[in-house]
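Have a look at the structure below, then the notes.
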Amino acid sequence: MGSDWYHSMFNLYSDIMKYTNEFYNKKNFSLAALPITTNSISSPMGLGSDSLPVKIDLLGQETYLADSMQFLLEYTLRFNNNGVYYVMPSFRGEESDERHLNQFYHSEVEIVGNFNDIINLGEEYIKFITKPILESDYFIKLNIKKEKLESIKNIIEMKQFPRVHFSSAVDILNSELPEGVERKNGITTINSKGEKHLIARYNGAVWLTHLEHKSVPFYQQYDTDDSKYALAADLLLGMGETLGCGERADYYSVQKSLREHEVSEQDYKWYIAMKRDFPLQTSGFGMGIERYIAWITGHHDIRDIPVVYRDKNVQIDP
């Protein structure tokens with residue numbers, strides 16, 4: 001209770017939510033009231049899955065804690081085509097470490113629009129919430145290094161964040177940092193070392209665009225009908241991927257993608273039917289709030305950030 005750090009963290013979380021609401025209110029987006037349980041997890045254990053689902057028994061019924069409520073954002077977008085969003089906890093079952101939490105806060109949004117629309121919205125959002133935070137009394141008291149503050153200010157003043165196609169990024173890393181690229185089961189990914197190298201190379205912020213389709217969740221749209229790439233991108237800041245976005249697959253593409261990702265259609269029948277009966281070109285992004293805080297504070301261990309920490313291997317009070 002006497003820690004200046006956690007007083008500042010409490011204020012940071014509060015302001016991020018306040019400015020998030022302010023940002024979307026100006027656009028007439030709706031705040032979606034959603035549950036924290038789902039049968040349709042967004043990262044099923046198919047090809048390229050990067051997280052473990054958290055299965056629970058809720059009043060005798062097997063279900064999952066939400067790893068993301070993106071599917072229900074797509075659903076609620078049918079009620080307000082301007083846009084829908086939320087900030088709520090998400091749950092992941094893998095081991096926690098300096099970059100990963102079992103429970104984290106997720107700022108997610110869904111809009112009617114395409115890949116470029118959502119990238120532009122992500123940039124606008126980051127800039128909007130960051131400027132007043134940098135000017136707040138509690139943030140100034142964190143005594144963040146001058147060079148770090150200047151770097152953040154320079155980033156949010158950029159007219160547009162740099163963008164690099166995944167294939168070009170792989171070429172860069174193969175030349176400059178080969179250990180930053182990993183290949184497994186025919187899927188190429190860029191690891192944490194590679195992300196940090198790209199961040200430094202592009203002066204603190206870069207969009208990694210057109211990720212390999214098999215490395216991302218099945219619901220992302222293909223770049224072209226026969227493409228190995230997806231209309232999906234990660235915004236690399238601080239410790240790495242901080243905001244992920246993508247254009248959503250349409251009715252025909254999502255069925256093809258489920259097969260290619262080796263994911264059963266059983267829990268996604270309603271999702272497929274929604275795309276058939278109420279077609280809408282949508283795109284969305286999700287930002288991990290703790291990753292964002294790590295970026296603006298320059299902190300290197302995400303586990304130090306939550307005011308109330310939760311870890312699957314640790315019994316923690318309160």
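Inter-residue side-chain proximity for Leu235 and Leu237 is flagged as met; some heavy-atom pair is nearer than 4.5 Å. Taking the side chain as every heavy atom from C-beta outward, Phe71 and Ser42 approach each other to under 4.5 Å. The shortest distance between side-chain heavy atoms of Ile305 and Leu101 does not fall below 4.5 Å. At a threshold of 4.5 Å between non-hydrogen side-chain atoms, the residues Phe23 and Asn25 do not count as touching. At a threshold of 4.5 Å between non-hydrogen side-chain atoms, the residues Ile111 and Thr282 do not count as touching. Using a 4.5 Å heavy-atom threshold, the side chains of Val84 and Tyr24 count as separate. Using a 4.5 Å heavy-atom threshold, the side chains of Gln281 and Val112 count as separate. Counting heavy atoms from C-beta on, the side chains of Arg183 and Val170 come closer than 4.5 Å.
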Would Gln220 and Arg248 satisfy side-chain hydrogen bond (donor to acceptor under 3.5 Å, both in side chains), going step by step from the backbone distance to the final call?
CA-CA 5 Å; Gln220 306 288 30; Arg248 310 313 187 196; 3.0 Å; yes
Under the side chain to side chain contact (heavy atoms under 4.5 Å, CB included) criterion, do Val181 and Thr188 qualify, and how do the steps go?
CA-CA 7 Å; Val181 178; Thr188 303; 3.7 Å; yes
Given Arg92 and Phe104, is the side chain to side chain contact (heavy atoms under 4.5 Å, CB included) satisfied, shown in steps?
CA-CA 9 Å; Arg92 306 286 167 90; Phe104 65 96; 3.7 Å; yes
Under the criterion side-chain hydrogen bond (donor to acceptor under 3.5 Å, both in side chains), I'd like the reasoning laid out for Asp277 against Tyr251: C-alpha separation, chi angles, the key distance, then a yes or no.
CA-CA 9 Å; Asp277 298 336; Tyr251 170 63; over 6 Å; no
Determine whether Asn114 and Glu247 satisfy the following criterion, side-chain hydrogen bond (donor to acceptor under 3.5 Å, both in side chains), listing intermediate values before the conclusion.
CA-CA 6 Å; Asn114 61 29; Glu247 183 177 316; 5.5 Å; no
Is there a side chain to side chain contact (heavy atoms under 4.5 Å, CB included) between Leu236 and Asp234? Walk through the geometry before answering.
CA-CA 6 Å; Leu236 307 185; Asp234 290 336; 4.1 Å; yes
Determine, stepwise, if the pair Phe139 / Leu142 fulfils side chain to side chain contact (heavy atoms under 4.5 Å, CB included).
CA-CA 5 Å; Phe139 193 81; Leu142 282 171; 4.0 Å; yes
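Identified under the side chain to side chain donor-acceptor pair (under 3.5 Å) test for residues 74-90, with sequence neighbours left out: Asn21-Tyr85, Ser30-Asn80, Gln70-Glu74, Glu74-Tyr271, Glu74-Lys275, Asn80-Asn82, Tyr86-Glu108, Ser90-His106.
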What side-chain donor-acceptor pairs closer than 3.5 Å can you find for residues 54-65, not counting sequence neighbours?
unit_1 : atom_1 : unit_2 : atom_2 : d
Asp57  : OD1    : Gly60  : N      : 2.9
Thr63  : OG1    : Thr38  : O      : 3.2
Thr63  : OG1    : Asn39  : OD1    : 3.2

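Ring centroid separation for the pair Tyr222 and His213 comes in under the 6.0 Å cut-off. Between Phe285 and Tyr125, the ring centre distance stays below 6.0 Å.
With hydrogens and angles disregarded, no donor-acceptor distance shorter than 3.5 Å links the side chain of Ser96 to the backbone of Glu94. With hydrogens and angles disregarded, no donor-acceptor distance shorter than 3.5 Å links the side chain of Thr242 to the backbone of Tyr292. Listed for the Ser8 side chain is a donor-acceptor partner under 3.5 Å among the backbone atoms of Asp4. A donor-acceptor contact shorter than 3.5 Å links the side chain of Ser40 to the backbone of Asp267. Counting only distance, with no hydrogens or angles, the side chain of Thr297 and the backbone of Ile293 share a donor-acceptor pair below 3.5 Å. Side-chain atoms of Lys127 come within 3.5 Å of backbone atoms of Met158 as a donor-acceptor pair (strictly under, hydrogens ignored). Listed for the Ser215 side chain is a donor-acceptor partner under 3.5 Å among the backbone atoms of Glu212. Side-chain atoms of His165 come within 3.5 Å of backbone N or O of Ser167 as a donor-acceptor pair. Of the possible polar contacts, one joining the Thr130 side chain to the Ile126 backbone as a donor-acceptor pair under 3.5 Å is found.
Atom-to-atom distance recorded for Ile133:CD1 and Lys18:NZ is 9.0 Å, nearest 0.5 angstrom. Between the OG atom in Ser192 and the CD atom in Glu182 there is a gap of 9.5 Å [rounded to 0.5 Å]. Atom CD1 of residue Ile296 and atom CD1 of residue Ile155 lie 11.5 Å apart, to the nearest 0.5 angstrom. One finds the CG atom of Leu177 at 7.5 Å from the NZ atom of Lys193 (value rounded to the nearest 0.5 Å). Between atom CG of residue Asp250 and atom CG of residue Leu280 there is a gap of 11.5 Å, rounded to the nearest 0.5 Å. Here CG of Asp304 is found 7.0 Å from CH2 of Trp5. Values are rounded to the nearest 0.5 Å.
Salt bridge status for Arg201 with Glu176: present, with a side-chain N to carboxylate O gap under 4.0 Å. Of the charged side-chain nitrogens involved, at least one lies within less than 4.0 Å of a carboxylate oxygen, so that Glu124 and Lys27 count as a salt-bridged pair. Using a 4.0 Å cut-off between a side-chain N of Lys or Arg and a carboxylate O of Asp or Glu, Glu262 and Lys214 do not qualify as a salt bridge. Contact check on Lys131 versus Glu135 returns a salt bridge, with a Lys/Arg side-chain nitrogen under 4.0 Å from an Asp/Glu carboxylate oxygen. The existence of a salt bridge linking Asp97 and Arg99 is excluded, since no basic side-chain nitrogen approaches an acidic carboxylate oxygen closer than 4.0 Å. Between Glu290 and Arg303 no salt bridge is recorded (no basic side-chain N to carboxylate O distance below 4.0 Å).
Closest non-hydrogen pair, Leu173 versus Gly180, comes out as CD1-O, 4.1 Å. Looking at every heavy atom in both residues, Leu243 comes nearest to Trp207 through CD2-CH2, 3.6 Å. When all heavy atoms are compared, the tightest approach of Tyr268 to Ser264 is CD1-O, 3.5 Å. The shortest non-hydrogen separation linking Gly83 to Leu77 is CA-CD1, 3.6 Å. Considering every non-hydrogen atom in both Thr20 and Ile129, the closest pair reads N-CG2, 4.0 Å. Across all their heavy atoms, Met69 and Thr37 have their closest contact at CE-O, 4.2 Å.
Hydrophobic clustering keeps Ile156 apart from Ile140 (ILVMFWY residues linked when any side-chain heavy atoms are closer than 4.5 Å, directly or through intermediates). Residues Trp270 and Phe278 do not share a hydrophobic cluster, clusters being chains of Ile/Leu/Val/Met/Phe/Trp/Tyr side chains in contact below 4.5 Å.
Side-chain contact check for Ser283 and Asp117: no donor-acceptor pair (N or O, by modelled atom type) lies under 3.5 Å.
When Leu134, Ile152, Leu149 are each tested for a side-chain contact (heavy atoms from CB on, under 4.5 Å) with Ile144, only one passes: Leu149. Tested against Met239 for a side-chain contact (heavy atoms from CB on, under 4.5 Å), the candidates Arg291, His300, Glu98, Glu195 yield a single pass: Arg291.
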